[in-house]
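Here's the structure we're looking at; comments come further down.
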Number of protein chains: 2
Amino acid sequence: MQKEHNLSKNQKIIFDLIDKSRGPMKAYSILFNVQKKGIKAPLQVYRALDKLVEIGKIHKIESRNAFIACQNSSCQVSKATVFSICESCENVSEISNSKLSKYLSNFSDSSGMKYSKYNLEFFGLCKKCKSK
Amino acid sequence: MQKEHNLSKNQKIIFDLIDKSRGPMKAYSILFNVQKKGIKAPLQVYRALDKLVEIGKIHKIESRNAFIACQNSSCQVSKATVFSICESCENVSEISNSKLSKYLSNFSDSSGMKYSKYNLEFFGLCKKCKSK
DNA sequence: TTGTAAATGTTATATTATTACATAATGTTA
DNA sequence: TAACATTATGTAATAATATAACATTTACAA
């Protein structure tokens, strides 16, 4: 069960923007878009982003320095993320594949390290771009 | 079989530095370290890094903006990388697990997208840090 | 109502990465 | 070898991403 998080004002403004966006958004593009709502400084954006990532409402696409709303409606898996990224149009979507998730969550290697978190990014060409 | 790449002067200087380093190195730390060898500007570093990544001699740790020498001695798999990252001491190592690699290389989902590349980063605490 | 944690506001600055332009070295092919 | 193309280099400026430090306010639990 997902814990209910009451978003603060800035967190809500920024989450709503990302959630409505078609694709991943970058921090300074977010900043630009929320300036009319009174959020004026990068730090205000980054603080909200940090919190939203922490509670799993959004994810960071590490290879793109961009943020996307969680697409697993009740995402308790903010610590286990898999994305599909088109290298041509930069479309990103979150993959939810329970077999893959299980496989990765249970993965362990000879180092004796137990992993509490992972992030996987797949790259390729999406259908549209492939056929061009 | 890996294609033989003759590294250029700057590429060699930078690869040697990363290869000798204990852990991942960041671009500006690399720059600082090679200034005595005549590499003065960030762009010189980034250009060498780009090339070294492209040919698989090094990998970028996306979540850390840092670079590490490929640890699979004859790495033809620069397009299929898996890392283990300790969130406490920031130690990073490359995981080579053929079962996992196969599983990920063959992964496909309902989108019809064929993936040509992936990067997976596992996070946790290493043995040392766990016992502190 | 008092204490504490979380969130906000603001300025400055640190860190990471690229654009633009000029030149040189290397490799290929006629 | 001359001519051409490709790759690499040098340099300056600047763009893009992210954090430090400090002051204040809001939310909420004891």
Side-chain angles (χ1 to χ4, degrees), chain A residues 3-18 21 23-68 78 85 87 90 92 119 121, chain B residues 3-18 21 23-68 78 85 87 90 92 119 121:
Chain A
K3 191 182 165 195
E4 190 54 49
H5 284 282
N6 296 310
L7 299 185
S8 73
K9 179 170 141 277
N10 288 0
Q11 288 159 16
K12 187 158 179 5
I13 291 170
I14 286 172
F15 174 73
D16 287 347
L17 177 66
I18 296 173
S21 155
M25 293 195 74
K26 307 202 133 207
Y28 276 72
S29 147
I30 293 168
L31 175 58
F32 178 80
N33 275 275
V34 297
Q35 272 174 335
K36 51 197 162 213
K37 306 218 171 180
I39 296 177
K40 293 177 201 153
L43 190 48
Q44 293 174 290
V45 173
Y46 280 105
R47 283 197 284 223
L49 289 173
D50 284 352
K51 187 67 183 187
L52 292 167
V53 166
E54 185 193 323
I55 65 182
K57 300 282 287 181
I58 65 173
H59 304 301
K60 181 171 188 181
I61 313 299
E62 293 288 357
S63 66
R64 299 300 186 257
N65 299 317
F67 300 85
I68 192 173
S78 73
I85 303 173
E87 289 187 294
E90 292 294 328
V92 172
N119 177 56
E121 300 180 3
Chain B
K3 192 185 165 196
E4 190 53 49
H5 285 281
N6 297 311
L7 300 184
S8 73
K9 180 170 138 279
N10 288 0
Q11 288 158 16
K12 187 159 179 4
I13 290 170
I14 287 172
F15 174 72
D16 286 346
L17 177 66
I18 297 173
S21 153
M25 292 195 75
K26 309 202 130 208
Y28 277 70
S29 145
I30 292 168
L31 175 57
F32 178 80
N33 275 276
V34 297
Q35 273 174 334
K36 51 197 161 210
K37 304 217 172 183
I39 296 176
K40 293 178 202 153
L43 190 49
Q44 294 175 291
V45 173
Y46 280 105
R47 283 198 286 224
L49 290 174
D50 285 351
K51 188 66 184 188
L52 291 168
V53 166
E54 184 192 325
I55 64 180
K57 300 282 287 180
I58 65 172
H59 305 301
K60 181 171 188 180
I61 312 300
E62 293 289 356
S63 66
R64 299 299 187 258
N65 299 317
F67 300 85
I68 193 176
S78 72
I85 303 173
E87 289 187 295
E90 293 293 329
V92 172
N119 177 56
E121 299 180 2

Verify stack between Y28(B) ring and dT15(C) base, 5.5 Å, 30 degrees: no

Taking OP1 and OP2 of [N], is either one under 4.0 Å from a side-chain nitrogen or oxygen of [X]?
X      : N       : answer
Q44(A) : dT8(C)  : no
K9(A)  : dT8(C)  : no
K51(A) : dA6(C)  : no
Y46(A) : dT19(D) : no
K40(B) : dT11(D) : yes

Sugar-phosphate, base or nothing in reach of K60(A), heavy atoms under 4.0 Å: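 It contacts sugar-phosphate atoms only.
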
Please tell me which of the listed nucleotides, [options], lies nearest to the side chain of [X]?
X      : options                   : result
K26(A) : dT17(D), dA8(D), dT8(C)   : dT17(D)
S8(A)  : dT10(C), dT11(D), dA7(C)  : dA7(C)
A27(A) : dA18(D), dT18(C), dT11(C) : dA18(D)

I need the [atom1]-[atom2] distance between [X] and [N], as an integer number of Å.
X      : N       : atom1 : atom2 : value
N6(B)  : dT26(C) : CG    : P     : 11 Å
N10(B) : dG10(D) : CG    : C1'   : 9 Å
N65(A) : dA17(C) : CG    : P     : 7 Å
L7(A)  : dA27(D) : CG    : C1'   : 14 Å
L52(A) : dA6(C)  : CG    : C1'   : 14 Å
L43(A) : dA12(C) : CG    : P     : 14 Å
L31(B) : dT18(C) : CG    : P     : 15 Å
Q11(B) : dT7(D)  : CD    : P     : 11 Å

Side chain K57(A), main chain K51(A), donor-acceptor under 3.5 Å: no

Any donor-acceptor N/O pair, K60(A) side chain to D50(A) backbone, under 3.5 Å: no

Of all heavy-atom pairs between [X] and [Y], which one has the smallest distance, and what is that distance?
X       : Y      : value
E121(A) : S63(A) : OE1-OG, 2.6 Å
I18(B)  : M25(B) : CA-SD, 4.2 Å
V45(B)  : I14(B) : CA-CD1, 3.8 Å

Pairing nucleotide - dA30(C), Watson-Crick or G-U, each distance under 3.5 Å: dT1(D)

